[in-house]
Amino acid sequence: MFPSPRIYEVITRFRQGKVLNFCNGVMYKCFCNVGESDKLPDWVKPSSAADSQEDDFVIPSNMNWVGGLKAPDEKFDSKHGSFGIVDNDVAIVTRILMGDFAMPEDVVQALNGCDSCPSNSLVDKMLKRFSNDWVCAFGLFKWAQTNIRYKHSADAYDSMVDILGKLKQFDIMWGLVEEMVKVEGLISMRTMSKIMRRLAGAGRWVDAVAVFREVERYGLTRDILCMNLLLDTLCKERCVEHAQDVFLEFKNVIPPDQHTFNILIHGWCKARRLDNARSIMEDMGDHGFLPCVISYTSFIEAYCRDKDFRKVDSLLNEMQENGCPPNIVTYTIVMHSLGKAKETNEAMEIYEKMKRNSCVPDTSFFNSLIYILSKAGRLQDAHKIYEEMSRSGSSPNVTTYNTMIAAACEHSQENSALKLLHEMEESGCKADLKTYAPLLKMCCRKKWIKVLSYLLNDMVRKDISLDLGTYSIIIHGLCKSEQLEKACQFFEEVVLKGLIPFNSTFNLLVDVLERKKMEEAKRRVQDLMMQAENSEKSCRSVSFV
DNA sequence: TGAAGTTTAA
């Protein structure tokens, strides 16, 4: 135990009110004892948001004390200020990329000043870490290319294309694609698939289809595989109409296969246009394909969504009669919907029916079962299923743990929730934001501020960053528990991160502060909200120039 | 890495 540590956050630079020193939204934090802040490296500056008075903060025993600094991981690189980063080059490059850059060229220049060498693993890690910051990612990408001993892998190119597409930098993306064309074997169907997905996601359906039309220009074959990829992308991006148009245009040139029809059936079922799905099914027959379990399951899912369980039943029977029995996916859908419709006994009956038909349950099925049992308040039964899983050969995954933890939190089984988090870690299952969100909410409700701090720190250690929704849960929870100072601190952190708080969060906080006559804090929150809204406006005007 | 299913807060 160390005397009176205080939490400091590392905040180095701002751009339009945005904190730049976190990667993928992860804010790097460090801990130091009161009166020892001069021992902090110069890149560490305490922020007002984190200047908490948690004098009794307990340092978790799994942390090491390194030269006056508390680092959440075994190794702490005090020179470059990275936590949990063992690879020195990764640390150096991360540190540089945390700067304020307007153009990729600036990033290249900054990286030229360091003596790190690019490697496949370095580029891979950095592209993942900066996948939401195309300027940094592309700068690093360009810098790596200047080294004559290094060549980007096809995967690195694909990742870069994907990042540029995700952030809607389509001109730059196309420039990179042209560069890829010059090297043989670089462009693959994976590249094309990423491009089509990002274009469709941005509402540029015509462009996505154009990629398919011109795919031979890139040395690829415009076959049924490629067409199915496009159709699937269009359906998943909610433009099944465009998928249908492409299908009609090309079906005489490129003979469709069973996948083609299933993709369209699923697309139409998801869009609640069952008539269209049925015509595709007929067309499927005309092309000599029988509907398979996947085709039927799409319809089953649609009926389930309408809670039309009579139709579900008759279709299940029809499937059996047609020699196409339902499989584990079909059963999962039906059971899940029955459970959600509060027909828990009928849902359990599906499990029995499944066993009778010797259909083997898998992890997703068990996850669904655990979910509906928990929602019905049958936590003990859910726990039994959790134990049954390992015995039956399907191991729990992240969804299993997330579901169990959320249920325990909802039913005020705090210890059990924290125990599950521990079990999750022990089993080597990687936690994510959905693991922590209910736990954080629970801590706010119970006013467990120390545990809240511990969990937040745990998240930093695991590279899991808070998003706006999670921040909102915390702020709402703290308001309800009348932990108003804490609530204000989190509100400030949201704005510092460049996020814009929801109006409901803002209104709630202002209301509570007003009721408690905390005028100064109220004004501060109002200023912060204004700052957040203004910085968004200025960002917008910049992007339209 | 060719088609269907499970956890989501304000």
Side-chain angles (χ1 to χ4, degrees), chain A residues 154-155 158 188-194 223-233 235-236 243 256-267 269-270 277 280 284 289 291-302 304-305 326-337 339-340 361-375 382 385 389 394 396-407 409-410 431-442 444 466-477 479-480 494 501-509:
Chain A
D155 280 351
D158 284 350
S188 66
M189 208 48 98
R190 277 186 55 170
T191 323
M192 288 298 133
S193 153
K194 285 184 194 306
D223 54 9
I224 190 59
L225 218 111
C226 184
M227 186 165 104
N228 287 346
L229 219 55
L230 172 69
L231 296 182
D232 194 42
T233 304
C235 286
K236 298 228 163 94
D257 63 7
Q258 199 174 31
H259 287 223
T260 320
F261 292 106
N262 283 332
I263 289 166
L264 289 168
I265 289 171
H266 185 238
C269 283
K270 279 264 178 207
I280 292 290
M284 187 175 180
F289 298 107
C292 68
V293 61
I294 295 175
S295 339
Y296 284 119
T297 301
S298 290
F299 283 96
I300 297 245
E301 193 181 16
C304 279
R305 211 173 48 177
N327 65 13
I328 185 62
V329 178
T330 326
Y331 285 122
T332 306
I333 292 167
V334 177
M335 184 192 63
H336 193 79
S337 312
K340 275 202 157 171
D362 63 5
T363 299
S364 292
F365 176 85
F366 281 126
N367 290 346
S368 194
L369 187 53
I370 288 172
Y371 176 79
I372 60 167
L373 285 170
S374 305
K375 283 285 165 192
I385 297 292
M389 278 180 86
S394 22
N397 63 11
V398 56
T399 308
T400 319
Y401 284 108
N402 289 356
T403 309
M404 299 276 298
I405 289 172
C409 290
E410 261 172 52
D432 61 18
L433 194 55
K434 291 188 191 82
T435 317
Y436 282 93
L439 290 165
L440 299 173
K441 191 177 174 182
M442 175 186 86
C444 296
L466 293 172
D467 64 358
L468 185 56
T470 316
Y471 271 117
S472 309
I473 291 172
I474 296 173
I475 296 169
H476 279 249
C479 282
K480 272 189 204 157
V494 172
F502 291 120
N503 276 324
S504 56
T505 311
F506 170 67
N507 291 335
L508 177 72
L509 188 53

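Reminder, nothing fancy here: chain letters follow the sequence lines and each chain counts from 1.
Only one option out of A:Lys441, A:Met442, A:Lys375 pairs with A:Glu410 in a side-chain contact (heavy atoms from CB on, under 4.5 Å); it is A:Lys375.
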Next item on the list: Summarise how protein sits on nucleotides 1-6 of chain B as a single string, 5' to 3': B when a protein heavy atom is under 4.0 Å from the base, S for sugar-phosphate-only contact, - for no contact.
Entry: BBBBBB
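Partners of A:Phe365 according to the ring-ring contact (aromatic ring centres under 6.0 Å, His included) rule, which considers only residues two or more places apart in sequence or in another chain, are A:Tyr351.
For the atom pair A:Asn262 CG and A:Cys292 SG, the distance stands at 4.0 Å (nearest 0.5 Å).
A donor-acceptor contact shorter than 3.5 Å links the side chain of A:Asn507 to the backbone of A:Asn503.
Here the side chains of A:Thr435 and A:Tyr401 are not in contact, with every heavy-atom distance at 4.5 Å or above.
Rounded to an integer number of Å, the gap from A:Leu440 CG to B:dT7 C1' is 16 Å.
Spacing of C1' atoms, B:dG5 relative to B:dA9, comes out at 23 Å, to the nearest Å.
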